[in-house]
Amino acid sequence: MSSTPQATPKNPSGWKSILKRAWPTIRILLSIALLWKATSGIDWHTLLDSEIKMEPMWLIAAAIAICCAFICGGLRWGFLMRSVGFEGSLKSYIALYFAGGLINQGLPSTLGGDSYRAITATHFTNGDKLSETKQLDEELHHSVDLGHSTPKLRLSFAITLVDRLLGLAGNNLLGGIGLILGGATLAVWGQDLGYTVMAVMLLAGLTIAFVLAWGPSRQLLQKLLDRLHMNHAMPGVKLAFAWPTNIAQALFGIGIHSCIILAFSFCLRAYGAEAPIASLMIGLPALSLLLMLPISISGWGLREATLSSVLALWGVNPSLTVLASISYGAITVLSVLPGAYFLLKRK
C-alpha cells in the first residue's frame, strides 16, 4: 500500500457551487422548521403545571449507554482497519470514532465524520502518532476524488463503508425484530413487514457468506478488488461478512443499536414516561434510515417529529417524547465531546 494518499480538489461551478455553499444553511433551516413543527402542539403551561419530576439519574444512564455504543462502534471499525494492514491502536480508533461522531453532530467541516476518520486513519503510525500532518491538513480541507486517490486512501474509505454497512445491518435486523413484536400496533401489515425485513437481511447475509466461501466467486471478488486497487481489502470483507464471523457481527451490531434504544428509553423515564420496548425497536431504526437523508443537522427536528408521531400510537405523550428527544440529542453531543480532545490534539 502506498503511504502518500492524495486528495484532488474539485471546483464545482455555477448553481452546483451555490447549492453546495447554501446546503448547510438549508439543513439548519429545515431542522428548525421540523423542531418547531414537533413542539408547536405542546401546551407548555399545562406541561409545567403538571409538575413533572425529572430524574437526572436516568439521563446519566442514557449518557453511559450512548458512550457504550460509540466505544463498541469504534472497536468494530478499529478491528476492521487493522485487519487490512492499517496501523494504530484500538484506543486511537475509538478516539477517532468519537471525533467523527462530534463532526457529525454539526461541527463546521467540509467533510462528514466518516470521511474525516477514513482520511485521518491513513496517517496513523505504530506509535499512535499522525504522519505527514501537513498533507493530512490539505486532504481534510479539500474534496477527495477517490477515482484519482491512492490505493491506501481508497482502501480506508472502503473499510469505513464496510463498517457502515455492518451498522446498517444491525439497525435493520433490530427494526425487523421490533416489527415482528409490535408491528400489529403500527399497521395491519406491520408484522408481515417485519418478517419480510428479516428474510431479506438473512438472505443477503447468506448470499454474501456463500460468495466468500465458494472459491470461484471469491476469486472473482478478489479480481474486482484488484481492479479497484484495493487488493488488501479481502481480510476486512471476510471479517465482516464471512461465516461464522458474520453471526457475531450481526449480534454485535444489534447490541450497539440496543444501547441507543436503551438510551432513549432512559430519557423517557427521566420525565416519568415509558414506552414499550417494541415501539422503540420500530421507531429508532426507522429514524436511523431517515437520518441517512441529508435534510437536517444531526437529526434535530426530524427526530422529534418522527418519534413523537410513532410513539403516540402506543399511548406515549407526544410532549414528553419531544422533551426526551431533545434531552437525547443534547446528551449525544455531550457524550461525543471527548472527540474534541483528538481534534484539538491534532491541531
Side-chain angles (χ1 to χ4, degrees), residues 23-25 27-28 30-32 35 59-60 62-78 80-81 86 88-124 128-130 133 136-144 156-157 159-161 163-164 166-168 171 256-257 259-260 263-264 267 284 287-288 290-304 325-347:
W23 190 244
T25 303
R27 291 178 66 185
I28 292 173
L30 284 172
S31 291
I32 294 172
L35 193 57
L59 298 180
I60 295 174
I64 293 173
I66 293 172
C67 287
C68 286
F70 272 93
I71 291 172
C72 291
L75 280 173
R76 180 179 63 196
W77 180 57
L80 288 170
M81 295 291 282
F86 284 102
S89 66
L90 291 175
K91 181 180 69 174
S92 295
Y93 284 106
I94 292 173
L96 186 52
Y97 199 87
F98 271 88
L102 180 59
I103 291 173
N104 283 336
Q105 296 303 311
L107 194 66
S109 173
T110 56
L111 293 171
D114 291 344
S115 298
Y116 176 84
R117 56 191 176 98
I119 293 172
T120 306
T122 62
H123 291 262
F124 273 145
D128 286 341
K129 303 293 184 181
L130 291 173
T133 54
L136 173 60
D137 288 337
E138 183 179 347
E139 292 168 1
L140 290 173
H141 288 84
H142 293 88
S143 298
V144 176
S156 182
F157 270 92
I159 297 302
T160 302
L161 175 61
D163 174 67
R164 273 297 187 180
L166 288 173
L168 180 62
N171 178 78
I256 291 175
H257 287 280
C259 288
I260 299 300
F264 195 87
C267 289
L284 286 169
L287 176 65
S288 294
L290 288 175
L291 293 181
M292 295 173 68
L293 302 174
I295 58 176
S296 69
I297 298 296
S298 191
W300 284 100
L302 183 61
R303 178 179 56 243
E304 288 73 27
S325 182
I326 293 173
S327 299
Y328 171 85
I331 291 171
T332 300
V333 174
L334 293 174
S335 298
V336 296
L337 276 181
Y341 173 76
F342 184 92
L343 295 173
L344 294 174
K345 182 180 178 181
R346 188 180 66 80
K347 292 298 183 183

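In this chain, numbering begins with 1 at the start of the sequence shown.
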*Asks:* Minimum heavy-atom separation for Phe342 to Ala95, with atom names?
*Replies:*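 Shortest heavy-atom separation between Phe342 and Ala95 comes out as CD1-CB, 4.0 Å.
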*Asks:* If you define the side chain from C-beta out and look only at heavy atoms, does anything of Leu59 sit under 4.5 Å from Cys267?
*Replies:*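 Of all side-chain heavy-atom pairs linking Cys267 with Leu59, at least one is under 4.5 Å.
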*Asks:* Testing the basics here: between Ala99 and Tyr116, what is the closest heavy-atom pair and its distance to 0.1 Å?
*Replies:*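 Answer, listing the atom of Ala99 first, then Tyr116: CB-CE2, 4.2 Å.
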*Asks:* Kindly give the heavy-atom pair with the smallest separation between Ile326 and Trp300, and that separation in Å.
*Replies:*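 Closest approach of Ile326 to Trp300: O-CH2, 3.6 Å.
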*Asks:* Distance from Leu168 atom CG to His257 atom NE2, nearest 0.5 Å?
*Replies:*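 One finds 7.5 Å between CG of Leu168 and NE2 of His257.
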*Asks:* Which atoms form the tightest heavy-atom contact between Ile66 and Ala263, and what is the distance?
*Replies:*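 In terms of heavy atoms, the two residues are closest at CG1-CB, 3.6 Å.
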*Asks:* Can you find a pair of side-chain heavy atoms, one from Leu80 and one from Leu166, that are under 4.5 Å apart?
*Replies:*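 Contact flag for Leu80/Leu166 side chains = yes.
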*Asks:* Between Cys72 and Ile256, what is the shortest heavy-atom contact and its length?
*Replies:*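 Heavy atoms only, the tightest pair is CB-CG1, 3.7 Å.
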*Asks:* Within the 4.5 Å heavy-atom criterion, are Val336 and Ile103 side-chain neighbours or not?
*Replies:*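 A side-chain contact under 4.5 Å is absent here.
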*Asks:* Enter the distance from Asp114:CG to Asn104:CG here, rounded to the nearest 0.5 Å.
*Replies:*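 That separation rounds to 5.5 Å.
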*Asks:* Looking only at heavy atoms, which two atoms of Met81 and Ala121 are closest? And how far apart?
*Replies:*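 Minimum heavy-atom contact is CE-CB, 3.6 Å.
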*Asks:* So, taking the atom named CG in Leu291 and the one named CG in Leu284, what distance separates them when rounded to the nearest 0.5 Å?
*Replies:*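 Between Leu291 CG and Leu284 CG, I get 9.5 Å after rounding to 0.5 Å.
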*Asks:* Roughly how far, to the nearest 0.5 Å, is the CD1 atom of Ile64 from the SG atom of Cys259?
*Replies:*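 Nearest 0.5 Å value for the SG-CD1 distance: 11.5 Å.
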*Asks:* Between Ser335 and Phe98, is a side-chain contact (heavy atoms from CB on, under 4.5 Å) present by the stated rule, with each step listed?
*Replies:* CA-CA 9 Å; Ser335 298; Phe98 271 88; 5.5 Å; no
*Asks:* Can you find a pair of side-chain heavy atoms, one from Tyr328 and one from Ile260, that are under 4.5 Å apart?
*Replies:*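 With C-beta onward as the side chain, the pair touches.
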*Asks:* Quick one: does Tyr97's side chain get under 4.5 Å of Leu75's, heavy atoms only?
*Replies:*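 Heavy-atom side-chain distance check fails, nothing below 4.5 Å.
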*Asks:* Side chains of Arg117 and Thr160: does their closest heavy-atom pair fall under 4.5 Å?
*Replies:*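 Answer yes - side chains close enough.
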*Asks:* Out of curiosity, Trp77 CH2 to Leu96 CG, how far, rounded to the nearest 0.5 Å?
*Replies:*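 Answer for the CH2-CG pair, Trp77 versus Leu96, is 4.0 Å.
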*Asks:* Given side chains that start at C-beta, do those of Phe124 and Ser92 come closer than 4.5 Å, heavy atoms only?
*Replies:*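 Phe124 reaches Ser92 side chain to side chain.
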*Asks:* Side chains of Phe264 and Ser325: closer than 4.5 Å at any heavy-atom pair?
*Replies:*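 Phe264 vs Ser325: side chains touch.
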*Asks:* Under the 3.5 angstrom rule, does the side chain of Ser156 hit a backbone N or O of Ala118 as a donor-acceptor pair?
*Replies:*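 The answer is yes, because a donor-acceptor pair under 3.5 Å joins these two groups.
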*Asks:* Hey, could you give me the OG/CG distance between Ser327 and Leu334, rounded to the nearest 0.5 Å?
*Replies:*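 Rounded to the nearest 0.5 Å, the OG-CG separation comes out at 10.5 Å.
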